[in-house]
Amino acid sequence: QVQLVESGGGLVQAGGSLRLSCTRSGRTFDNYAMGWFRRAPGKEREFVATINWGGTITDYSDSVRGRFTISRDNVKKTMYLQMNSLKPEDTAAYYCAAGSGSYVSSREDEYDYWGQGTQVTVSS
């Protein structure tokens, strides 16, 4: 099995920054894409960002493009989400996910493994 653990969430003022981390453990496999999703209170979970195995291909939702940066360190088995210029509407539980395929995707059903989530709260 594969375990994903997110960290780095917290409370921040609007305009501030946070960096989320997602560390993988368990069964070893290579060449898989990873992604970040989030669920705001009362809303469906939505795509945030995705990255391929080599870190050369990324994609973002329109709502975070230009403010968030996804990256990964395969040696450390860790993925990151640098979040800048945070807005109150970014408040959500953030989830990392790993897919068994190598292609980046914004679709939840392309991901096989999920973390438990870390809460990000942005105050106005």
Side-chain angles (χ1 to χ4, degrees):
Q1 265 293 7
V2 174
Q3 292 80 43
L4 301 176
V5 179
E6 304 95 337
S7 62
L11 173 64
V12 64
Q13 288 188 331
S17 299
L18 281 175
R19 188 176 82 154
L20 305 183
S21 299
C22 171
T23 301
R24 181 180 69 78
S25 62
R27 184 171 67 90
T28 299
F29 61 101
D30 296 334
N31 202 24
Y32 58 92
M34 296 190 73
W36 287 99
F37 292 77
R38 67 186 182 186
R39 179 184 283 127
K43 295 187 176 181
E44 299 282 321
R45 188 160 59 185
E46 64 175 5
F47 165 73
V48 175
T50 181
I51 187 168
N52 70 335
W53 169 256
T56 57
I57 301 173
T58 60
D59 193 20
Y60 300 89
S61 68
D62 290 342
S63 61
V64 308
R65 185 174 288 112
R67 299 188 297 123
F68 291 10
T69 302
I70 189 172
S71 61
R72 65 191 293 173
D73 183 332
N74 292 330
V75 173
K76 295 182 178 179
K77 299 181 181 178
T78 301
M79 175 179 67
Y80 305 97
L81 185 68
Q82 177 66 43
M83 306 186 295
N84 298 329
S85 302
L86 282 160
K87 304 175 182 180
E89 51 263 46
D90 294 318
T91 294
Y94 283 72
Y95 300 87
C96 71
S100 56
S102 60
Y103 296 103
V104 296
S105 176
S106 61
R107 293 175 47 174
E108 290 189 39
D109 60 2
E110 296 284 350
Y111 294 90
D112 301 300
Y113 306 103
W114 293 83
Q116 293 298 308
T118 185
Q119 180 66 36
V120 171
T121 302
V122 184
S123 63
S124 57

[Y] and [X], any side-chain heavy atoms less than 4.5 Å apart:
| X | Y | result |
| --- | --- | --- |
| Q82 | R19 | yes |
| E46 | S61 | no |
| Q119 | L11 | no |
| M34 | L4 | yes |
| L20 | T118 | yes |

Where the side chain of [X] meets the backbone of [Y], is there a donor-acceptor pair that is under 3.5 Å apart?
| X | Y | result |
| --- | --- | --- |
| N74 | W53 | yes |
| T23 | V5 | no |
| R72 | N52 | yes |
| T78 | K76 | yes |
| R38 | A92 | no |
| E6 | G117 | yes |

- Residues S17 and N84: side-chain donor-acceptor under 3.5 angstrom: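 Per modelled atom types, S17 and N84 side chains form a pair under 3.5 Å.
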Taking all non-hydrogen atoms of both residues, which atom of [X] and which atom of [Y] are closest, and how far apart?
| X | Y | value |
| --- | --- | --- |
| I51 | I70 | CG2-CD1, 3.6 Å |
| C96 | M79 | CB-CE, 3.5 Å |
| E110 | S105 | CG-OG, 3.0 Å |
| V120 | L18 | CG1-CD1, 3.9 Å |

Could you grab the distance from atom [atom1] of [X] to atom [atom2] of [Y], nearest 0.5 Å is fine?
| X | Y | atom1 | atom2 | value |
| --- | --- | --- | --- | --- |
| D90 | S63 | CG | OG | 7.0 Å |
| Y103 | N31 | OH | CG | 9.0 Å |
| S85 | R67 | OG | CZ | 7.0 Å |

- Query: Do Y80 and Y60 share a hydrophobic cluster, counting only Ile, Leu, Val, Met, Phe, Trp and Tyr and linking them when any side-chain heavy atoms are less than 4.5 Å apart?
  - Reply: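 Different hydrophobic clusters.
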- Message: In this structure, would V104 and V48 fall into the same cluster of hydrophobic residues linked by side-chain contacts under 4.5 Å?
- Response: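 The answer is no; the residues belong to distinct hydrophobic clusters.
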- Item | Stepwise salt bridge (charged side-chain N to carboxylate O under 4.0 Å, His left out) test for D62 and R65 | CA-CA 5 Å; D62 290 342; R65 185 174 288 112; 2.5 Å; yes
- Hydrophobic cluster (4.5 angstrom, side-chain heavy atoms) - remaining members for F37: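 The other cluster members (ILVMFWY side chains, heavy atoms under 4.5 Å, direct or chained) are F47, Y95, Y111, W114.
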- Task: Step through it carefully: locate the ring centre of W36, locate the ring centre of Y94, and say whether they are under 6.0 Å apart.
- Result: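 So the answer is no for these two rings.
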- Task: Apply the test salt bridge (charged side-chain N to carboxylate O under 4.0 Å, His left out) to residues E44 and R39: give CA-CA distance (whole Å), side-chain angles for both, the deciding distance (0.1 Å), then the verdict.
- Result: CA-CA 6 Å; E44 299 282 321; R39 179 184 283 127; over 6 Å; no
- Query: For Q116, does the CD atom have more than 12 heavy-atom neighbours from other residues, nucleotides or ligands under 6.0 Å away?
  - Reply: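 No - once you tally the heavy atoms of other residues, nucleotides and ligands closer than 6.0 Å, there are 12 at most.
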- Message: A cation-pi test, strictly: NZ or CZ of R24 under 6.0 Å from the centre of the six-membered ring of Y113 and no more than 45 degrees from its axis. Yes or no?
- Response: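 Because its charged atom misses either the 6.0 Å distance or the 45° angle limit, R24 does not stack over Y113.
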- Could you please spell out the steps behind the side-chain contact (heavy atoms from CB on, under 4.5 Å) verdict for V12 and T121? CA-CA 6 Å; V12 64; T121 302; over 6 Å; no
